[in-house]
There are 2 protein chains.
Amino acid sequence: MLQNDPLRDHIISRFDGMSPQLQQAARYILEHPQEVALVSMRELSRNAGVQPSTMTRLAKFLDLPGYDDIRAHHAEALRFRADGFAARAMQHSENEQDMAAAQLSRRMLQGLATQIARLSEPASLERLAAAADRLAQARRVYVLGLRSCHSVAWHFHYVMALLGEKTIHLDGPADTVGDGLIRADAEDVLLAISINPYSRHSLELAQLAREKGLGIVAITDSEVSPLVGVADHAILCSTESQSFFHTLTPALAVSEVLCGLLANKDRTAALEALQRADRHLLSLNTYASAIPRRRL
Amino acid sequence: MLQNDPLRDHIISRFDGMSPQLQQAARYILEHPQEVALVSMRELSRNAGVQPSTMTRLAKFLDLPGYDDIRAHHAEALRFRADGFAARAMQHSENEQDMAAAQLSRRMLQGLATQIARLSEPASLERLAAAADRLAQARRVYVLGLRSCHSVAWHFHYVMALLGEKTIHLDGPADTVGDGLIRADAEDVLLAISINPYSRHSLELAQLAREKGLGIVAITDSEVSPLVGVADHAILCSTESQSFFHTLTPALAVSEVLCGLLANKDRTAALEALQRADRHLLSLNTYASAIPRRRL
DNA sequence: TGTCACATAAAACAAATGTTGCAAAGGTGT
DNA sequence: ACACCTTTGCAACATTTGTTTTATGTGACA
């Protein structure tokens, strides 16, 4: 992302004074600067989810004669960047500590990027597709992820809850984690997420589910993970990181892909469910786009 | 200039068989590839000194349906180069009702890999380092992430809790989310995670923290996120995905990098704390490496 | 010279683009 | 409740776009 861009700064500085629609347009432009130069205004507005006129109005709001000035500016920036690619000066931090920090960060991030990219190998893709199919045909999906894997399990459940009532998150205080399985049977599937070191509780519940006849889909970290033995489908993702800790980023990516695949099975239904959720949250006043005034 | 461009090679290989006007058009395109993507065909032809129709004829001569294919190709190449990274397929043009699962998965994963790789740009690295510094010098870190961002907040807290008692997770049932801030003051820092759409509750709590004098570090998705205004340090990560949903994978990666940086401030202390945590969990019999025999 | 094939220019065309005007909707303050 | 102002969606507008058609020119060969 480019830094010293006067128009960009101008948009940011005047952002707070914009109407919601103008903000939406501005936000899209800030986040997709290349697109501004590469596609027509109408297509841009379509992708940004606003009316074409909003783009023109945004231009006027920024004291520009018309939208073409916005485009011209971004086109110029793109020309510049494409040419002067080599001339990109990396600002070095003087601070030695910062330097080390930057290096560690970069190593971690590029490692993660590589691991996720590696998930797109054909073998993984097949496993993902198979797992998604199994989840799709289940009556209910019980989601289990304890300790570090809680984040993945919860996110999967949160997203799927937007689509419908199919998932049940196995979690709870006072050792009630497993209670959700009471009414589970062979028509259901357990999505179990666990990585090394494997939580004993997770494994016990997976085993219990197996005995109750549930199908089991696992997201785990190794071909020799104890989950592989009990699971019908296992998706493997690396958890190694350049830091002290294991990483759950690839696992989260896997979970998001599963959500995407499931939603893709019936796109219109998914869209409709999402719109319903949107309306519901809107009526609950759940979201805001600016810091709300403090209630007293 | 980029080399491996099939269309470019195609133009070159058929160049000798072209009429003079076609050659002139082709030559201009070869020498000004960016312009093809950035200006209209009529303007391009004007600059190239040929008739507009010549451009269309050139496209047909190259066995393409029309000129737009030439432009689309150059636009894609430019998108590619401007990012500096490989594998970019960010088009929403896939209206195919039932896209092949493998294809969707691959696009999602490669998109995520790209987004994470982009976080390792110098600007982001600096922000990460600054944020980590601020978190390190705080007495206590309050971690706030609601709704979809819960997964990230929780994971950060979970990892940091392995290192010590520095973090407090702002979460809880019965609308007690904010209670943790009761004893917070200017020596503390709030780590706020929120993405579009921004949860009103998160913003309110961030504002409250600000008023109590806490430092604020934000993980959010845009320069114009409402959090940017109240935060001392903001780290931006993309949330766009090729699926229906926003992605939190880059945000999780950011959080993991922050954990890594913090642990790195005092490696020996971190190592020791982790060993202590290990021993504790071991004595609790928390983990297992094989499916345990069922208790009766 | 005639005519044939082809390259080019000019004009005509439908489709799209960016812009503007207007009315409905939404919110604010009295 | 009312009037007032802003915001928004819609449709019409004149342009501009990429393409196709038509006309004009050019050179080769009998």
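Reminder, nothing fancy here: chain letters follow the sequence lines and each chain counts from 1. Note: hydrogens, waters and symmetry copies are ignored here, and every other heavy atom, side chains too, is used.
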*Asks:* Separation of E43(B) atom CD from dT15(D) atom C1', in whole Å?
*Replies:*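 The answer, rounded to whole Å, is 15 Å.
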
*Asks:* So, is K60(B) near the phosphate of dT19(D), with a side-chain N or O under 4.0 Å from OP1 or OP2?
*Replies:*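 Answer is no, no contact under 4.0 Å.
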
*Asks:* Would S238(B) and Q115(B) satisfy side-chain hydrogen bond (donor to acceptor under 3.5 Å, both in side chains), going step by step from the backbone distance to the final call?
*Replies:* CA-CA 7 Å; S238(B) 155; Q115(B) 285 170 7; 3.2 Å; yes

*Asks:* OP1, OP2 of dG18(C) versus side-chain N and O of R71(A): anything below 4.0 Å?
*Replies:*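 R71(A) to dG18(C) OP1/OP2: side-chain N or O found under 4.0 Å.
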
*Asks:* Which whole-number value in Å describes the distance from F61(B) CZ to dT8(C) C1'?
*Replies:*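 After rounding, the gap between these two atoms is 15 Å.
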
*Asks:* When you measure from the side chain of T56(B), which nucleotide among dC10(D), dT20(D), dT19(C) comes out closest?
*Replies:*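 Of dC10(D), dT20(D), dT19(C), dT20(D) is nearest to the side chain of T56(B).
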
*Asks:* Identify whether any heavy atom of S53(A) sits under 4.0 Å from a base atom; if not, whether one sits that close to sugar-phosphate; answer base, sugar-phosphate or nothing.
*Replies:*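 Base, at least one base heavy atom under 4.0 Å.
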
*Asks:* Do Q24(B) side-chain atoms and A48(B) backbone N/O form a donor-acceptor pair below 3.5 Å?
*Replies:*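 Flag set: sc Q24(B) to bb A48(B) pair under 3.5 Å.
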
*Asks:* Should the pair R210(B)-D232(B) be classified as a salt bridge under the 4.0 Å nitrogen-to-oxygen rule?
*Replies:*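 Looking at D232(B) together with R210(B), the answer is yes, because their closest N to O distance falls below 4.0 Å.
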
*Asks:* Looking only at side-chain atoms of S19(B), point me to the closest of dT19(C), dT17(D), dA7(C).
*Replies:*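 Of the candidates, dA7(C) comes closest.
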
*Asks:* With nearest nucleotide decided by heavy atoms, which residue, Q51(B) or G17(B), maps closer to the 5′ end of DNA chain C?
*Replies:*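 Its nearest nucleotide lies further toward 5', so the answer is G17(B).
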
*Asks:* For Q24(A) and dG9(D), what is the distance between atoms CD and P respectively, to the nearest whole Å?
*Replies:*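 Atom CD in Q24(A) sits about 9 Å away from atom P in dG9(D).
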
*Asks:* Whole angstrom is fine here: how far is it from CZ in R57(A) over to C1' in dC22(C)?
*Replies:*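 So the CZ-C1' distance, R57(A) to dC22(C), works out to 10 Å.
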
*Asks:* Atom CE of M55(A) and atom C1' of dG9(D): how far apart are they, to the nearest Å?
*Replies:*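 Taking atom C1' of dG9(D) as the reference, CE of M55(A) is at 15 Å.
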
*Asks:* Determine whether a donor-acceptor pair (N or O, by modelled atom type, separation under 3.5 Å) exists between the side chain of E256(A) and the backbone of L248(B).
*Replies:*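 Yes, the answer is positive, given that a donor and an acceptor are paired below the 3.5 Å cut-off.
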
*Asks:* D68(A) CG to dT20(C) C1': how many Å, rounded?
*Replies:*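 Spelled out: CG on D68(A) to C1' on dT20(C) is 15 Å.
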
*Asks:* Would you mind telling me which of dT17(C), dG18(D), dT20(C) lies closest to the side-chain atoms of R42(A)?
*Replies:*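 Nearest listed nucleotide: dT17(C).
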
*Asks:* What is the distance from CE of M41(A) to C1' of dT17(C), rounded to the nearest Å?
*Replies:*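 Distance check: M41(A) CE to dT17(C) C1' gives 7 Å.
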
*Asks:* Whole angstrom is fine here: how far is it from CD in Q21(A) over to P in dC10(D)?
*Replies:*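 Rounded to whole Å, this separation is 11 Å.
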
*Asks:* Please determine if E35(B) and R79(A) form a salt bridge, counting it only when a charged side-chain N lies under 4.0 Å from a carboxylate O.
*Replies:*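 A salt bridge is present here (some side-chain N lies under 4.0 Å from a carboxylate O).
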
*Asks:* Check every atom of dT8(C), dG21(C), dT19(C) against the side chain of P52(A) and return the nucleotide holding the closest atom.
*Replies:*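 Of the options given, the side chain of P52(A) lies nearest dT19(C).
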
